[in-house]
Amino acid sequence: VQLQASGGGLVQPGGSLRLSCAASGFRFAGYAVGWFRQAPGKGREGVSCISSSGGRNFYSASVKGRFTVSREDAEDTVYLQMNSLKPEDTATYYCARYLGSHPIAGLWATPSQYDTWGQGTLVTVSS
């Protein structure tokens, strides 16, 4: 069971990036997948979560309206499209497999609800 996040980099404020999370070793279509981020000196923050069907998704208040999560089950991949990036979005971004197919509203942003984590990809927003 493995998750591999990629797509991070350096971008100017107001710019866009698309992160990818490639899964292997399990039946990807049966699980929700979450995105978290961790800035230096801060705790891990839930950013978004997409259900197994893609029809029930969650976003943190800090990214809602700017980030969009999607999935392509044929490619075993989840994407996080990040637009209108701000310096405060700078962090290492991780994807993780949720403990089930349908995330729960009050729990999707809790790291203990995920059992497998990718290695992280660094996003730096700076001019």
Side-chain angles (χ1 to χ4, degrees):
V1 176
Q2 192 172 12
L3 295 170
Q4 179 93 12
S6 62
L10 174 65
V11 63
Q12 292 187 342
S16 298
L17 277 177
R18 189 177 78 158
L19 305 184
S20 299
C21 174
S24 61
F26 65 100
R27 192 177 69 86
F28 177 76
Y31 289 87
V33 175
W35 285 97
F36 286 74
R37 66 187 181 186
Q38 188 164 17
K42 296 189 177 181
R44 195 161 290 193
E45 173 194 12
V47 173
S48 182
C49 185
I50 184 168
S51 66
S52 61
S53 67
R56 182 171 171 80
N57 307 328
F58 297 92
Y59 298 93
S60 68
S62 60
V63 308
K64 196 170 185 178
R66 300 188 297 121
F67 290 11
T68 303
V69 65
S70 62
R71 64 189 297 153
E72 180 57 64
D73 287 350
E75 299 177 355
D76 288 347
T77 302
V78 168
Y79 300 98
L80 185 68
Q81 178 66 43
M82 306 186 297
N83 298 330
S84 302
L85 283 161
K86 305 174 181 179
E88 52 263 44
D89 294 318
T90 295
T92 298
Y93 285 70
Y94 301 87
C95 59
R97 187 178 76 170
Y98 187 78
L99 290 170
S101 58
H102 293 86
I104 298 172
L107 294 176
W108 72 266
T110 303
S112 63
Q113 296 300 303
Y114 298 79
D115 65 352
T116 302
W117 293 79
Q119 85 291 357
T121 186
L122 179 62
V123 172
T124 303
V125 185
S126 175
S127 55

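Counting begins at 1 with the first residue of the sequence. What's counted below: heavy atoms across the whole structure, side chains too, no hydrogens, waters or symmetry copies.
A chain of hydrophobic side-chain contacts below 4.5 Å, direct or via other Ile, Leu, Val, Met, Phe, Trp or Tyr residues, connects L17 to W35. By the criterion of side-chain heavy atoms lying less than 4.5 angstrom apart, applied directly or through intervening Ile, Leu, Val, Met, Phe, Trp or Tyr residues, V63 is not grouped with Y94; the two fall into different hydrophobic clusters. Grouping the Ile, Leu, Val, Met, Phe, Trp and Tyr side chains by contacts below 4.5 angstrom, directly or via other members, places Y31 with V1. Residues V33 and V69 share a single hydrophobic cluster, defined by chaining ILVMFWY side chains whose heavy atoms lie under 4.5 Å apart. Hydrophobic clustering (ILVMFWY, side-chain heavy atoms < 4.5 Å, transitive): F28 and L19 are in one cluster.
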- Task: Check step by step if side-chain contact (heavy atoms from CB on, under 4.5 Å) holds for S51 and N57.
- Result: CA-CA 6 Å; S51 66; N57 307 328; 4.3 Å; yes
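Looking at R71, its side chain never comes within 3.5 Å of a backbone N or O of A32 through a donor-acceptor pair. Proximity of a side-chain donor or acceptor of S48 to a complementary backbone N or O of Y59 within less than 3.5 Å is not detected. Side chain of T92 to backbone of L122: no donor-acceptor contact under 3.5 angstrom is found. Between the side chain of Q119 and the backbone N or O of A5 there is at least one donor-acceptor pair closer than 3.5 Å. Put simply, the side chain of Y98 gets close to the backbone of I104: a donor and an acceptor are under 3.5 Å apart.
The side-chain tip of R44 does not point at the ring of F36 from less than 6.0 angstrom away and within 45° of straight on.
The minimum heavy-atom distance between E45 and S60, with the atom names listed, is OE2-OG, 4.2 Å. For the pair L3 and A23, the tightest heavy-atom approach, listed with the atom from each and the gap, is CD2-CB, 3.5 Å. Taking each heavy atom of R66 and S84 in turn, the nearest pair found is NH1-O, 3.0 Å. Annotation for W108 and C49: closest pair CE3-CB, 3.6 Å, computed over non-hydrogen atoms. Minimum heavy-atom separation, L107 to Q113: O-CG, 3.4 Å. Of all non-hydrogen atoms in S20 and T77, the two that sit nearest each other are CB-CG2, 4.2 Å.
Here the OG1-CE distance, from T68 to M82, works out to 11.0 Å after rounding to the nearest 0.5 Å. Atom CG of D76 is separated from atom CZ of R27 by 11.0 Å, given to the nearest 0.5 angstrom. Note that CG of L99 and OH of Y114 are 9.0 Å apart. Values are rounded to the nearest 0.5 Å.
Between S126 and P87, every side-chain heavy-atom pair lies at or beyond the 4.5 Å cut-off. Between R37 and D89, some side-chain heavy-atom pair lies under the 4.5 Å cut-off.
Taking the six-membered ring where tryptophan is involved, the planes of F67 and Y93 are tilted, since the angle between them lies from 30° to 60°.
With sequence neighbours excluded, the residues satisfying disulfide bond (SG atoms under 2.5 Å apart) with C21 are C95.
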